[in-house]
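Worksheet for the structure shown next.
Worth knowing before you read on, the calculation uses all heavy atoms, side chains too, and leaves out hydrogens, waters and symmetry mates. What you are looking at is a predicted structure, and each value in this text was computed from that prediction instead of being measured.
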Amino acid sequence: MSNAYKSGDAGFLPLFQNTPEITTPVELNVTGTIPNWISGALFRVGPGTYEVQLTEGKKYRGGDVYKVDHWFDGISQAHSFRIKEGKVSYRSKNIAEEFKQKIVENGEEVKATTFAQKIPHSTIKNISRVIGNFMTSSEAKRSDKIYGANNVGVTITPNFPIPKDFKNPLSSNLPKDEIISISMPETLVTKTDANFLKELDPVTLESRRTFNYSDITEGIAGDGPFSGAHSQYDPESNEYFNYTAFPGASFKHNVFSVPANYSDSPRLLASSTTWTAA
């Protein structure tokens, strides 16, 4: 366990332990009573893995285990709660297995965009590494449009708008062994503060693919490496709003909207340069 969470209140230690996934639904014990009118699915996403055993010969800070420094950099796990007639069933799934495999195979040399992970190199090399990771994230995610290749796990949105011609033709049929059978969302997407999103199977939580906002906005959002994990929805206009940002000698923002049902086209609302190097 790394020093980042070895000290301090021991009550927080369970938050930094690897959490096993539960891929087969289990019925949870309910304390109290859930009204029958509460029915549906609740999805959550967050960190689930903090320590990764490296392949033979790879090192991280002199050891053979990669240890996450900050809670926000834990490897993502998705959670699903189904509620009906006072009962609750639960399942979970690790959704960044190929990202984890990068760590296994590369150790401290892994190239990844993180929140606060300390890479064991010099300060100058660390700064260069972080900037390089962000600047190349758009290209990297395009080559990583395979299941689970990025750690995308800050927010999760059911029925996030994805164009029909972009949807994965493979979808789950409701397994017969489900404890609670309810209607599920058509799409389920996780987001982070970089410009890539991950589509999950709403039933099994399996990772389907990674994409970015340019892919679903006919290119108007751009391929800037930064974006907001907390996109905003306006129920009156039935649109989702977000931005992309391009760092460099000048810092450019694109602000755009995506219609919830794609009855209209995505819109570029504003494009501005907020800072220019002297």
Side-chain angles (χ1 to χ4, degrees), residues 1-2 4-5 11-29 40-54 60 65-83 88-106 110 112-117 137 141 144-160 168 171-172 175 177-180 184-185 187-194 196-211 229-231:
M1 192 166 290
S2 76
Y5 45 85
F12 287 100
L13 293 181
L15 297 177
F16 294 92
Q17 295 177 357
N18 290 354
T19 304
E21 59 183 4
I22 300 176
T23 57
T24 300
V26 295
E27 185 172 351
L28 303 181
N29 294 325
L42 173 66
F43 298 98
R44 287 292 182 262
V45 69
T49 300
Y50 298 91
E51 296 187 354
V52 178
Q53 181 68 47
L54 303 177
Y60 188 79
V65 177
Y66 177 95
K67 298 181 180 181
V68 172
D69 291 312
H70 196 286
W71 195 68
F72 290 175
D73 283 322
I75 301 174
S76 300
Q77 186 176 89
H79 310 266
S80 171
F81 299 84
R82 297 189 185 188
I83 307 169
V88 181
S89 69
Y90 169 80
R91 77 192 309 160
S92 62
K93 181 67 179 174
N94 294 331
I95 62 171
E97 288 300 279
E98 295 201 20
F99 175 82
K100 177 181 174 181
Q101 190 61 30
K102 288 181 183 180
I103 295 174
V104 170
E105 296 175 356
N106 294 280
V110 65
T113 302
T114 62
F115 179 80
Q117 187 69 14
S137 65
K141 67 93 199 152
D144 281 342
K145 267 188 196 172
I146 48 180
Y147 308 117
N150 290 297
N151 193 25
V152 185
V154 177
T155 60
I156 188 166
T157 305
N159 289 320
F160 186 82
N168 193 318
S171 59
S172 291
D177 62 348
E178 290 290 348
I179 296 173
I180 296 176
M184 300 299 287
T187 64
L188 185 64
V189 171
T190 61
K191 304 185 291 295
T192 185
D193 289 300
F196 37 75
L197 307 90
K198 176 167 292 189
E199 183 184 8
L200 307 181
D201 186 294
V203 174
T204 66
L205 303 178
E206 294 277 353
S207 297
R208 286 181 172 176
R209 59 182 158 191
T210 302
F211 58 97
H230 301 270
S231 57

Next on the checklist: Which residue is it: L200, L188, L42, T187? I am looking for the one with a side chain to side chain contact (heavy atoms under 4.5 Å, CB included) to P158.
Outcome noted: L188
Checklist entry - Looking at side-chain heavy atoms only, is the closest gap between K67 and F16 below 4.5 Å? => result no
Checklist outcome for this item: One should read off an interatomic distance between N151 CG and T210 OG1, to the nearest 0.5 angstrom, of 10.5 Å
Next on the checklist: Taking A96's backbone N and O only, do any of them form a donor-acceptor pair with S76's side chain (distance below 3.5 Å, no angle check)?
Outcome noted: no
Checklist entry - For the atom pair CZ (R44) and OG (S80), what is the distance rounded to the nearest 0.5 Å? => result 11.0 Å
Checklist entry - Between F43 and I156, what is the shortest heavy-atom contact and its length? => result O-CG2, 3.6 Å
Checklist entry - For the atom pair CG (D193) and CZ (F72), what is the distance rounded to the nearest 0.5 Å? => result 9.5 Å
Next on the checklist: I'd like to know if the side chain of N18 and the backbone of E51 have a donor-acceptor N/O pair within less than 3.5 Å.
Outcome noted: yes
Item to check | Y60 vs I103, side-chain contact (heavy atoms from CB on, under 4.5 Å): CA-CA, chis, key distance, verdict | outcome: CA-CA 10 Å; Y60 188 79; I103 295 174; over 6 Å; no
Checklist entry - Any donor and acceptor pair, going by atom type alone, linking the side chain of T155 with main-chain N or O of A229 inside 3.5 Å? => result yes
Next on the checklist: Restricting to side-chain contact (heavy atoms from CB on, under 4.5 Å), what partner residues turn up for E21, sequence neighbours left out?
Outcome noted: T23, Q77, S92, K93, N94
Checklist entry - Judged by atom type as modelled, is there a donor-acceptor pair below 3.5 Å linking the side chain of K198 to the main-chain atoms of I95? => result yes
Item to check | Atom of V152, atom of T190 and distance for their closest heavy-atom approach | outcome: O-OG1, 3.0 Å
Item to check | For I22 against V26, the heavy-atom pair lying closest together | outcome: CG2-CG1, 4.1 Å
Next on the checklist: To check you understand the geometry: which heavy-atom pair defines the closest contact between G74 and P47, and what is its length?
Outcome noted: CA-CB, 3.6 Å
Item to check | Spatial distance of atom CG (L197) from atom CZ (F160) [nearest 0.5 Å] | outcome: 5.5 Å
Checklist entry - Where do V52 and T49 come nearest, in terms of heavy atoms and distance? => result CG2-CG2, 4.1 Å
Next on the checklist: For a quick test of reading the model, state the closest non-hydrogen atom pair linking S231 to K191 and the distance between them.
Outcome noted: OG-CE, 3.2 Å
Item to check | Candidate pair V203 and R91, rule side-chain contact (heavy atoms from CB on, under 4.5 Å), full reasoning | outcome: CA-CA 9 Å; V203 174; R91 77 192 309 160; 4.1 Å; yes
Checklist entry - For the residue pair Y90 and H79, does the interplanar ring angle fall in the parallel (under 30°), tilted (30 to 60°) or perpendicular (over 60°) class? => result parallel
